[in-house]
Structure formats: C-alpha cells, structure tokens
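Everything on this sheet refers to the single structure shown next.
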Amino acid sequence: MSDVRVIIKRDSEEQEERLVTTGTTAAELFDGDRTVVAARVGGQLKDLAYEVADGDEVEPVGIASEDGLNILRHSTAHVMAQAVQELFPEAKLGIGPPIKDGFYYDFDVEKPFHPDDLKRIEKKMQEIVKRGQRFSRRAVSDDAAREELADEPYKLELIGLKGSAAEAAEGASAEVGAGELTIYDNLDPKTGELCWKDLCRGPHLPSTRIVPAFKLMRSAAAYWRGSEKNKQLQRIYGTAWPSRDELKEYLDFLVEAEKRDHRKLGAELDLFSIPEQIGSGLAVFHPKGGIVRRVMEDYSRRRHEEEGYEFVYTPHATKGKLFETSGHLDWYADGMYPPMQLDEGVDYYLKPMNCPMHNLIFDARGRSYRELPLRLFEFGTVYRYEKSGVVHGLTRARGFTQDDAHIYCTKEQMADELDKTLTFVLNLLRDYGLTDFYLELSTKDPEKFVGSDEIWEEATETLRQVAEKQGLPLVPDPGGAAFYGPKISVQAKDAIGRTWQMSTVQLDFNLPERFDLEYTAADGTKQRPVMIHRALFGSIERFFAVLLEHYAGAFPAWLAPVQAVGIPIGDAHVSYLQDFAAEARKKGLRVEVDASADRMQKKIRNAQRSKVPFMVIVGDEDMAAGSVSFRYRDGSQKNGIPRDEAIAEIAKAVEDRVQV
RNA sequence: GCCGCCUUAGCUCAGUUGGCCAGAGCGACGCACUCGUAAUGCGUAGGUCAAGGGUUCGAUUCCCUUAGGCGGCUCCA
C-alpha cells in the first residue's frame with residue numbers, strides 16, 4: 001500500500017502536509033469536524049467521499065461558507081425532488097439549483113401543486129432527512145445516462161445540451177457540467193439500497209441527515225429553460241440553513257420585510273392608494289403621501305438648481321411621428337399604451353419617455369458650444385404598458401414620474417460631466433438617507449446595439465473610470481446596456497440589507513443622431529453633442545416606495561407628513577397646544593393637535609402608530625411652566641422643555657434632515 | 001402575457017358541508033367620562049359576500065367569464 005502526500009489548507013495561513021494511505025477520503029482528512037460538508041481540491045469542489053490523490057491540496061468547505069450553503073441547498077433540492085417523486089410518481093424532473101437563501105426544483109406534473117401539497121412534501125422530506133440516505137456519485141457515459149434517464153425527458157434534453165450548459169438555462173449547469181456526466185444515487189445507509197437518483201454535477205452533502213433546517217416557501221410556474229416559448233413547469237421554492245436559528249432568523253427577516261411593504265404601509269399611513277376604478281399600476285397620492293412626495297421633489301428641485309440644471313415641462317401625449325423619429329416605436333411599441341386616433345387618423349401616444357421632447361427643446365433653436373453642457377430637467381410623467389403580471393405597487397407602475405434629466409455636452413466635456421453627475425447623484429441619495437451603495441457598469445449587448453465599436457469602447461472606458469473614482473464597489477454587467485449606449489447604475493442597500501436599483505447615468509449614441517442634434521463649435525463648424533440620460537430616483541413613485549420601506553414608515557422629520565402632534569392631557573390644555581402649534585407652523589413646521597374625545601393614552605397610541613417623530617404632550621404642569629413635554633418614537637421622553645426650545649429642536653431636526 | 005392562489009363592512013378576518021334576518025374586532029359617527037406617556041364605557045350606522053352569466057326549487061357557497069389583488073415565470077427603454 002503506497003502512501004499519498006497531501007496538503008491540507010485550513011485557511012490561507014495554515015497549511016499542513018500529511019502522509020495518508022491510498023484510498024483515504026476527504027472525509028477522513030477532516031474527520032471529527034461535522035461542519036465540513038465538502039472539500040475543495042485544487043480549486044474544484046469535491047464530495048467528502050473523494051479519494052485524495054498524491055499532491056492534492058485539500059481545503060475543507062464549511063457548511064456556513066458560500067460554497068457550503070450552496071451545497072446544502074442543492075442537496076436539499078434533491079431531497080425535495082425525491083419527496084415529490086415519492087408522492088407524485090408521474091412528476092418529471094426539470095432542474096433544481098441553489099439560489100440566494102434557498103433553492104428550487106422544477107417539475108412537470110399534471111396538476112399544479114396546491115399549498116397543501118407543500119406541507120405533505122415537506123413532511124416527506126423530513127422522513128428522507130431522518131433516513132440519512134447517502135449521496136453517492138457515479139460517472140456515466142452520455143449513452144448510459146440516456147438509457148437510465150429514459151423516463152426523464154427534461155434530463156435527456158440537458159444531456160444533449162452538455163457543454164453549452166451555461167446557455168441552456170439558468171441553473172442548468174448544476175445538473176450537467178461541462179465535463180463528464182455524473183449521477184448521484186441516494187442510498188439507504190443500512191442496506192445500501194438505491195432510493196432515488198438524479199443527474200447532477202454535484203457536489204453534495206455526504207448524507208441527507210446533514211440537512212439541519214429547511215422550509216418549503218411557495219410554488220409557482222416557471223418556463224422550461226426560461227423561455228416563454230416553452231412549457232411551464234411547476235417550481236417549488238424552499239430555503240435551507242445550517243441551523244434552526246438561522247432558519248428562524250431568515251423567516252423573521254421575511255416577516256420584517258412584509259411589515260415594511262410599501263403597499264401595506266401606504267394604506268396604513270394613508271399615503272397613497274391604487275384605486276381599481278383608475279386602473280392597475282396607476283396610483284393616487286393622499287394628502288399625507290402628497291406632503292412626503294412634495295418635500296422629496298422640492299428638495300431635489302433646489303439641489304438641481306444649485307447644480308446648474310434648467311427646468312422644462314413637456315406634455316404627456318404626442319403624435320406618433322415623434323416616437324418614429326426616436327425609434328421607440330420600433331424598439332418598444334409593446335411597452336407603450338396603444339395609440340388614440342385624433343384629427344382624422346393621426347396617431348397620438350402617451351409618452352413612455354421624456355427624452356424625445358427634451359431633444360425638441362434642444363433643437364428649438366441653434367445651439368452654441370457656449371451653452372454646453374446644457375442640462376434639461378423635468379419631473380416628467382410617463383406611461384408604459386406594463387404587462388398585467390408584472391405591475392407591483394409603486395415600484396412597477398404603468399404611470400409614473402421620472403426625475404429625468406438630459407445633458408447635452410461636447411465629447412470633450414463628457415468625462416467631466418459624467419463625473420460631476422455621478423457625484424451629484426450619490427450625494428443627493430445620501431441626503432435622503434441612503435448611504436450604502438455599489439455601482440454597476442452595463443456594457444454592450446453584442447446582439448443589440450447601435451453605433452460604432454470605437455465609440456462604445458471609449459464611452460465604456462470613460463464610464464468605468466468615472467465609476468472607479470467614487471471608491472465604491474463596481475460590478476460588471478456585461479450585455480446589460482440598452483441598445484443605444486452603456487450605463488452606470490447605482491444600487492443602494494436599505495436598512496435591512498435589500499438592494500434596490502436607484503439612479504442610472506446612461507450615454508446615448510442614438511438619439512442625437514436620429515434627431516440630428518447639432519451645436520456650433522468655436523471654429524464655426526456644426527458638431528453633434530453627446531447626450532447623457534440621467535434619472536436619480538428613477539421614478540418618484542418608486543423612490544417614495546423605497547424610502548417608505550427603508551424607513552419602515554418612520555420618516556425622518558423633514559420628510560414626515562406630520563412632524564409633531566400635540567397631545568393634551570385634558571380639554572383644558574387644547575388651546576395652549578393650538579397656540580404652540582400655530583407658532584411652530586409659522587416656522588414652517590407641520591404640527592397638528594389631537595383635540596379628539598379620546599383619552600390621552602389612546603392619542604399617544606394613535607400618534608405612535610402613525611409614526612410621528614415628535615409627540616408634544618401638555619398637562620397642568622407644563623402649562624403652568626410655559627413648557628411642553630416630548631415623547632419620541634422609541635418611547636423615551638423629555639419633560640418640561642420651554643416652548644421656544646421645543647420648537648427649535650423640531651426645526652433643527654428638520655433642517656439637519658436627521659432621523660429622530 | 002403565462003401558471004397557481006385569492007377577493008365577505010373603510011381595514012383585519014370569522015362563517016355558510018347549497019336553505020330562515022351574514023358575524024367579530026378595529027375604524028367612522030353619537031352620548032357619557034376630563035384622565036401625565038401604546039386601546040375608557042355604552043350605543044348607532046355600515047355588506048347586491050368583486051362584477052356578469054350558468055346549474056338549481058333555492059347560490060355568498062358549485063361551474064364559466066371578466067376585473068382586481070398576491071406569489072412566481074417572461075419582460076422592465
């Protein structure tokens with residue numbers, strides 16, 4: 001028996017060389033450490049059953065690491081598929097990869113799963129976990145695999161696609177890698193009997209018993225291989241975690257996210273609604289939401305003015321010809337509201353974008369290089385015909401208002417202007433309370449673009465440099481650009497760590513050409529300007545929703561619809577408070593007095609639930625002293641504050657735009 | 001657009017295995033209570049059980065269609 005020399009890497013620091021006998025498995029190297037679920041050998045993930053070879057560098061993969069979690073979730077997906085096929089023997093397997101926080105598996109079944117079915121499947125999964133079946137890897141030839149999986153038409157299709165798995169379908173590479181095919185057998189730990197098998201690249205947990213905590217979340221249809229031309233399979237989503245505590249933490253997170261749902265808070269706080277009578281995706285703002293929105297807009301307006309933007313207004317509808325010129329009717333007609341015929345057969349459209357109209361403003365007269373960069377800004381309301389299944393509260397609406405700007409500049413000004421714009425955008429977002437960003441650089445889609453390669457390269461490089469200058473993480477998004485130019489998008493993380501796509505800064509090589517935009521250069525020649533599209537909130541409605549969720553409805557005082565509520569202990573204190581409120585209003589503060597017949601405890605409860613930043617409470621003591629008492633949202637209080645100081649404190653919180 | 005689930009009072013939800021006047025809490029309104037930090041008590045009003053069609057002696061309940069919502073998929077200039 002010959003010896004095998006391996007190097008065990010615990011982390012980048014610690015290395016251990018060890019001599020073991022031939023046939024030693026990775027599991028044996030890490031024996032005793034139950035949190036190790038796989039091994040990385042020379043950069044490749046392997047099952048713990050892998051027999052180490054001479055010269056291998058072997059690294060343990062912990063269940064809590066990113067790879068470890070993926071393996072856990074992938075294996076749990078297998079357990080689910082096994083459970084499904086035990087309960088629904090006719091179910092055909094699609095694909096079942098790990099995803100963020102969980103996994104899914106697609107099945108072709110006669111009848112879609114009912115929520116009750118998920119409970120049964122979950123129970124069956126628990127049995128399988130308890131049985132402790134071994135995951136056992138076995139290499140097979142393509143032909144052998146075809147024979148074994150003759151009853152699994154979707155797996156057969158994947159075998160045929162081997163090697164191009166990356167394009168086959170998202171997640172398909174989890175089933176078939178680029179190399180040889182493998183099948184994982186689930187074996188009974190005692191008898192070694194085959195319980196189930198699946199075509200899979202692996203690796204997997206050594207045993208189903210290792211699955212510590214999981215839950216099935218929901219079922220939904222999904223197109224086979226992600227194309228709407230294909231049949232819809234039934235997808236079941238689940239989540240799996242290294243411990244029950246982590247599962248609970250995740251479920252708690254979902255509960256918290258649900259509490260913050262802007263659709264729910266919007267109704268609770270009386271901010272907006274989406275009346276059925278108006279139509280799906282078309283919102284109305286109630287007075288309280290109207291205040292928040294107006295303050296958001298006013299502040300943005302002021303900052304834009306300071307930054308050299310000029311304000312324009314354009315109509316909501318236009319003759320179709322404009323969108324022929326812009327090309328929107330060629331590219332995006334599906335996403336536009338259908339035309340209305342006016343004036344004997346002329347088609348008018350609701351506008352889905354503001355840029356063509358801004359171009360007409362640019363083109364209204366001859367432009368000089370002295371005017372550039374020309375920055376046109378508008379809160380421009382646009383209408384897009386979103387498909388019925390995608391409309392979602394304020395974040396995906398059919399009518400919404402963009403804080404839209406188009407910057408026309410010379411090619412020489414482009415880099416500087418982009419830099420300025422991005423800095424401005426990020427700082428303004430920070431003013432609204434978002435602080436955690438990363439940037440995404442969307443580059444050319446080789447299938448879908450206009451303009452020369454040179455100009456794309458130059459522009460992309462400029463964007464990259466500008467983005468890097470911000471010192472924020474920069475994530476590439478190859479092929480993600482619109483056909484007319486590359487873009488940077490700003491992604492912001494909210495208070496509970498969710499990422500939202502916010503602003504975009506986008507170059508456009510298409511529209512200046514189509515609209516034949518020109519300016520006169522210093523040498524008297526006509527030149528084409530560069531055009532930058534830039535939306536900061538994206539849509540005001542959407543940004544409103546993001547802030548609402550970010551703050552969980554508890555807006556900082558400057559945005560809060562009501563900044564302070566006066567709560568009298570008894571009727572005798574109402575007029576004193578009304579006086580106080582009137583004084584505060586003179587300073588531009590939004591202060592109300594709750595003079596209802598409720599008891600003061602009830603008023604406090606109501607104020608608390610409406611998430612007012614300041615409660616101003618007054619009884620005999622404060623009235624006699626000419627003071628008021630504050631109660632803050634966290635329940636803490638500050639008593640006996642002189643009236644002037646109280647107003648000054650509220651005013652300062654508003655002025656500084658801080659959370660209280 | 002596709003698939004599934006859902007729609008009972010302003011809101012949150014009971015309920016009817018097809019049968020007399022469809023219930024509760026909160027909210028609204030009224031009366032009483034005048035109170036120092038998260039719900040005072042009593043009372044009143046409020047529903048074509050989403051809309052339309054069908055089956056049936058009888059439909060809120062079963063079936064179909066439509067609208068809207070929710071969760072996914074596809075899409076998102």
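Predicted model only: the values in this text are computed from it and were never measured. Proteins come first, then strands; the chains are lettered A, B, ... in the order of their sequence lines, and each starts at number 1.
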Under 3.5 Å for both donor-acceptor distances, Watson-Crick or wobble: does U34(B) have a partner, and if so which one? none
Can you tell me, in whole Å, how much space there is between the C1' of G10(B) and that of A45(B)? 13 Å
Using Watson-Crick or G-U wobble geometry with both distances below 3.5 Å, tell me the partner of A22(B), or none. none
Student check: side-chain heavy atoms of Pro486(A) and Lys444(A) closer than 4.5 Å: no
Can you confirm if the NZ or CZ of Arg643(A) lies within 45° of the ring axis of Tyr576(A) and under 6.0 Å from the centre of its six-membered ring? yes
Give me the distance, rounded to whole Å, that separates U8(B) from G52(B) when you measure between the P atoms they each carry. 16 Å
Ser629(A) near the nucleic acid: base, sugar-phosphate alone, or nothing, with a heavy-atom cut-off under 4.0 Å? base
Pairing partner of G4(B) (Watson-Crick or G-U wobble, both distances under 3.5 Å): C70(B)
Taking the side chain of Ala220(A) as heavy atoms from C-beta outward, which of C73(B), G71(B), U37(B) is closest to it? G71(B)
Phosphate OP1/OP2 of G71(B) contacted by Arg263(A) side-chain N/O (<4.0 Å): yes
If you check every side-chain atom of Tyr237(A), which of A77(B), U37(B), C73(B) has the closest atom? C73(B)
Please state how far atom CE in Met600(A) lies from atom P in U34(B), giving the value in whole angstrom units. 16 Å
Looking across every strand, which nucleic acid part, if any, lies under 4.0 Å from Asp598(A) by heavy atom: base, sugar-phosphate, or nothing? nothing
Rounding to an integer number of Å, can you tell me how far Arg609(A) CZ sits from A39(B) C1'? 8 Å
Taking G4(B), A67(B), C76(B) as options, the one with an atom nearest any side-chain atom of Lys448(A) is C76(B)
Looking for any heavy atom pair under 4.0 Å, which part of the strands does Asp620(A) touch: base, sugar-phosphate only, or nothing? base
Which heavy atom of Leu394(A) sits nearest a heavy atom of Ala545(A), and at what distance? CB-CB, 4.0 Å
Write down the partner of C75(B) under the Watson-Crick or G-U wobble criteria, each distance required to be under 3.5 Å. none
Using a cut-off of 4.0 Å on non-hydrogen atoms, how would the nucleic acid contact of His392(A) be classed: base, sugar-phosphate, or nothing? sugar-phosphate
Watson-Crick or G-U counterpart of U55(B), or none if no pair lies under 3.5 Å: none
Does the side chain of His533(A) pick up a donor-acceptor pair with the side chain of Thr504(A) at under 3.5 Å? no
Please tell me which of Gly279(A) and Glu386(A) maps to the more 5' nucleotide of RNA chain B, matching each residue to the nucleotide holding its nearest heavy atom. Gly279(A)
With a cut-off of less than 4.0 Å, is there a side-chain N or O of Ser280(A) near OP1 or OP2 of G69(B)? yes
If U44(B) has a Watson-Crick or G-U wobble mate with both distances under 3.5 Å, name it; if not, just say none. A28(B)
Please check if the distance between the ring centroids of Phe214(A) and Phe103(A) is under 6.0 Å. no
Report yes or no: is there a donor-acceptor pair, N or O only, under 3.5 Å between the side chain of Lys603(A) and the base of U37(B)? no
As a test of reading the structure: which of A77(B), C2(B), U34(B) is closest to the side chain of His328(A), going by heavy atoms? A77(B)
Should Arg599(A) be listed as having a side-chain N or O under 4.0 Å from OP1 or OP2 of U37(B)? no
Kindly indicate whether the side chain of Gln601(A) and the base of U37(B) share any N or O donor-acceptor pair separated by less than 3.5 Å? no
What's the CD-P distance between Gln277(A) and G69(B), to the nearest Å? 12 Å
Take Lys602(A) and Ser596(A) through the test side chain to side chain donor-acceptor pair (under 3.5 Å) and record every step on the way to the result. CA-CA 10 Å; Lys602(A) 182 61 177 292; Ser596(A) 69; over 6 Å; no
Under the 3.5 Å rule, do the base of C73(B) and the side chain of Glu228(A) count as making a donor-acceptor pair? no
Between the side-chain atoms of Arg631(A) and the base atoms of A38(B), is any donor-acceptor pair under 3.5 Å? yes
Whether Lys229(A) contacts G1(B) is assessed here as follows: a side-chain N or O lying under 4.0 Å from the phosphate OP1 or OP2. Is that the case? no
Taking only the side-chain heavy atoms of Arg396(A) (C-beta and beyond), determine which of G71(B), C75(B), U40(B) contains the nearest atom. C75(B)
Atom CZ of Arg542(A) and atom P of C76(B): how far apart are they, to the nearest Å? 15 Å
Write down the distance separating the C1' atoms in C20(B) and C29(B), rounded off to the nearest Å. 31 Å
By nearest atom, which of the nucleotides A38(B), C75(B), C35(B) is closest to the Val390(A) side chain? C75(B)
Grab the CE-P distance between Met336(A) and C75(B) for me, whole Å please. 21 Å
Start with the C-alpha gap between His406(A) and Phe362(A), add the side-chain angles, then the distance that decides, and say whether ring-ring contact (aromatic ring centres under 6.0 Å, His included) holds. CA-CA 10 Å; His406(A) 296 95; Phe362(A) 180 94; over 10 Å; no
Using whole Å, report how far CG of Asp445(A) lies from C1' of C75(B). 15 Å
Is any side-chain N of the basic residue among Arg528(A) and Asp516(A) closer than 4.0 Å to the acidic one's carboxylate O? yes
Using a heavy-atom cut-off of 4.0 Å across all strands, would you classify Ser388(A) as base, sugar-phosphate, or nothing? base
Whole-Å distance, Tyr223(A) OH to C73(B) P, equals 11 Å
Does Tyr385(A) put a side-chain nitrogen or oxygen below 4.0 Å from OP1 or OP2 of C76(B)? no
Rounding to an integer number of Å, can you tell me how far Glu258(A) CD sits from U12(B) P? 12 Å
